[in-house]
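Letters go in sequence order (proteins before strands), and every chain restarts at 1. Quick caveat: nothing in here was measured; it's all calculated off a predicted structure.
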Protein chains: 2
Amino acid sequence: MNDATPKPEKSDGTVGRTLAVLDRVAEFGRPVRFAELLPVCDLPKATLYRFLQTLTNQGMLAFDEDRQTYRPGLRLVRLAHAAWAQSSLAPIAAPFLDQLSKETGQTLHLAQLDQGMVLYVDKRNASHPVEMFSQSGKVGPAYCTGVGKAMLAYLPEDALQNALTRQSFHRFTEHTLTDATSLRAELENIRKRGFAWDDEEHEPGIRCIAAPILSPQGRVLGALSITSGQPDGQKQLETYAPLILETAEKIAKAASDWRFPEQKRAD
Amino acid sequence: MNDATPKPEKSDGTVGRTLAVLDRVAEFGRPVRFAELLPVCDLPKATLYRFLQTLTNQGMLAFDEDRQTYRPGLRLVRLAHAAWAQSSLAPIAAPFLDQLSKETGQTLHLAQLDQGMVLYVDKRNASHPVEMFSQSGKVGPAYCTGVGKAMLAYLPEDALQNALTRQSFHRFTEHTLTDATSLRAELENIRKRGFAWDDEEHEPGIRCIAAPILSPQGRVLGALSITSGQPDGQKQLETYAPLILETAEKIAKAASDWRFPEQKRAD
DNA sequence: ATTTTAGTTCCAAATATTGAAACCGTGTTT
DNA sequence: AAACACGGTTTCAATATTTGGAACTAAAAT
């Protein structure tokens, strides 16, 4: 029963292809025209056209008559509400984040892994707001963020392997780890230490400490981080280590008492 | 060009049917089993099964192995982030909401119309800071909420007609308007007044004042409300009338400067 | 006026979808 | 313990849908 599957293809028929188009549209981050989509979708003109029509009158996309552009539709917001409430750690973790926020006064992030990327599912702002992007639903790279590395470090080998192939290893700063080998070494350190650092690997001047949230069986459920924008951040953050680990532990406990969020199969 | 369309059905093929299943799952508001879905989906067993499989390995649903349940998947959260940022008024309205929140100290709601329902896209709490999908993405009835009525009041007749057929007219409180006729009368008052009241029509003890957000051409973009839980709420809220109208105006201006969010076609 | 670009429609061939029925575990009743 | 019911999964031939090359139209650029 080993996956000596002779069929690595899982294109999921029409539905899969149509949803892929939805992703393409979302990726643009702005309204797009048909002609811009065509080259990135790898579909015949007529087919793409039909898909866009379908998605539009399904409310998954909205079409701007005036500007002839497509953008993700409000139906997604409705659906995502349910997803966030049921499939994310956020509702469960909320009280613990509130608590930690009160205790530290720092910016907090709660993230989960999706398709090898970091998906932020909740956030607490510091009293002194730090300049950085991130909100629920926002995605970011795994290989150069605290939460990302914390999660990767505890992935089983096959899932890790899969996730690594999806990393771009783009150099954001001079501290960014830009290849799988050095990242693997770093992950080893994280496992020894029990938590991860992001030492300006993603954004200059931004450091954070991150702890994985693991199910009792050791499965990766998500990760939690505390961010600092201060130059002496590292030292300050270090003092939070016991606290963040403890909080991650509590969240894990609460999560497993209620449900086990199922990790996406490493297809 | 009137919809004397001989084909009121627009089933959108496989994709449409599959997405309908996604809605059914989301509606449950909790993880569902195959057998619970079967009766509400009106599909043959094998077909529903295949759809669920497809949605699951597309990440639109997540499947809990242990409990054998389906729930909306994280991919939706990612997609919705883009939708929220591009198709909702929220990003544009944010600074104005912040301002209004500071000035009034009250709970605010920003909503848009989706499928005849009120879709909340942003919120400001009296105390807490912003919570993303916890509130945005939530849906509510149009016929008995301030924001709902404010939007209905300015809809063109055909769209209103369509929206009215989608209202359940369930009696939530003794103040709820429970039929189209009395609602239409109320809408007339709202147009005269320029803003809407919700006088405990949805929840006992909860009142609000709401203003429509209209494009320069008079198209309904959304609505804004200030809520009060105080017994003397009405009187207090009345003093906010000029302020909320002014804020709605500003948001409308800002929105039309940047883009015209296209309203869902009244299919 | 002519050409190019962008978007839309056609339609026969190719393919994916369909769903009744059979099947398979697992737990429950007799 | 055998028989049964329940929930879920798989099969497969009939069928309806999707597919996409190409032709077409509208609008913009030359």
Indicate yes or no: does A:Glu157 engage A:Arg184 in a salt bridge with an N to O separation below 4.0 Å.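 Looking at A:Glu157 and A:Arg184, the cut-off is met.
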Do B:Arg17 and B:Asp12 meet the salt-bridge criterion of a basic N to acidic O distance under 4.0 Å?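 A salt bridge is absent here (no side-chain N lies under 4.0 Å from a carboxylate O).
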Is the A:Phe172 ring parallel, tilted or perpendicular to the A:His170 ring (thresholds 30°, 60°)?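 Answer is perpendicular, since the angle exceeds 60°.
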Parallel under 30°, tilted from 30 to 60°, perpendicular over 60°: which one fits the rings of A:Tyr49 and A:Phe34?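 Rings of A:Tyr49 and A:Phe34: perpendicular, as their planes differ by over 60°.
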Can you sort out the partners of B:Gln161 under side chain to side chain donor-acceptor pair (under 3.5 Å), two or more places apart, ordered by chain and number?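 Partners of B:Gln161 by the side chain to side chain donor-acceptor pair (under 3.5 Å) criterion come out as none, since no residue qualifies.
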Round to the nearest Å and state the distance from [X] atom [atom1] to [N] atom [atom2].
X       : N      : atom1 : atom2 : value
A:Gln53 : C:dC10 : CD    : P     : 12 Å
A:Phe34 : D:dA27 : CZ    : P     : 17 Å
B:Leu48 : C:dA20 : CG    : P     : 13 Å
A:Gln68 : D:dA26 : CD    : C1'   : 11 Å
B:Leu37 : D:dG7  : CG    : C1'   : 13 Å

Taking salt bridge (charged side-chain N to carboxylate O under 4.0 Å, His left out) as the definition, give me every residue that meets it alongside B:Arg33, ordered by chain and number, with sequence neighbours left out.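 For B:Arg33, no residue satisfies salt bridge (charged side-chain N to carboxylate O under 4.0 Å, His left out) once neighbours in sequence are set aside.
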OP1 or OP2 of D:dG7 sitting under 4.0 Å from any side-chain N/O of B:Arg33?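 Answer no for this pair, as no side-chain N or O of B:Arg33 is under 4.0 Å from OP1 or OP2.
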Tell me whether the OP1 or OP2 atom of D:dT9 has a side-chain N or O from B:Tyr49 closer than 4.0 Å.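 For D:dT9, OP1 or OP2 has a side-chain N or O of B:Tyr49 closer than 4.0 Å.
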Identify each atom pair where a protein N or O and an N or O of nucleotides 18-25 of chain D are less than 3.5 Å apart, giving names and distance.
| residue | atom | partner | partner atom | Å |
| --- | --- | --- | --- | --- |
| D:dT18 | OP1 | B:Thr14 | N | 3.3 |
| D:dT19 | OP2 | A:Arg50 | NH1 | 3.3 |
| D:dG20 | OP2 | A:Thr47 | OG1 | 3.4 |
| D:dG20 | N7 | A:Arg50 | NH2 | 3.3 |

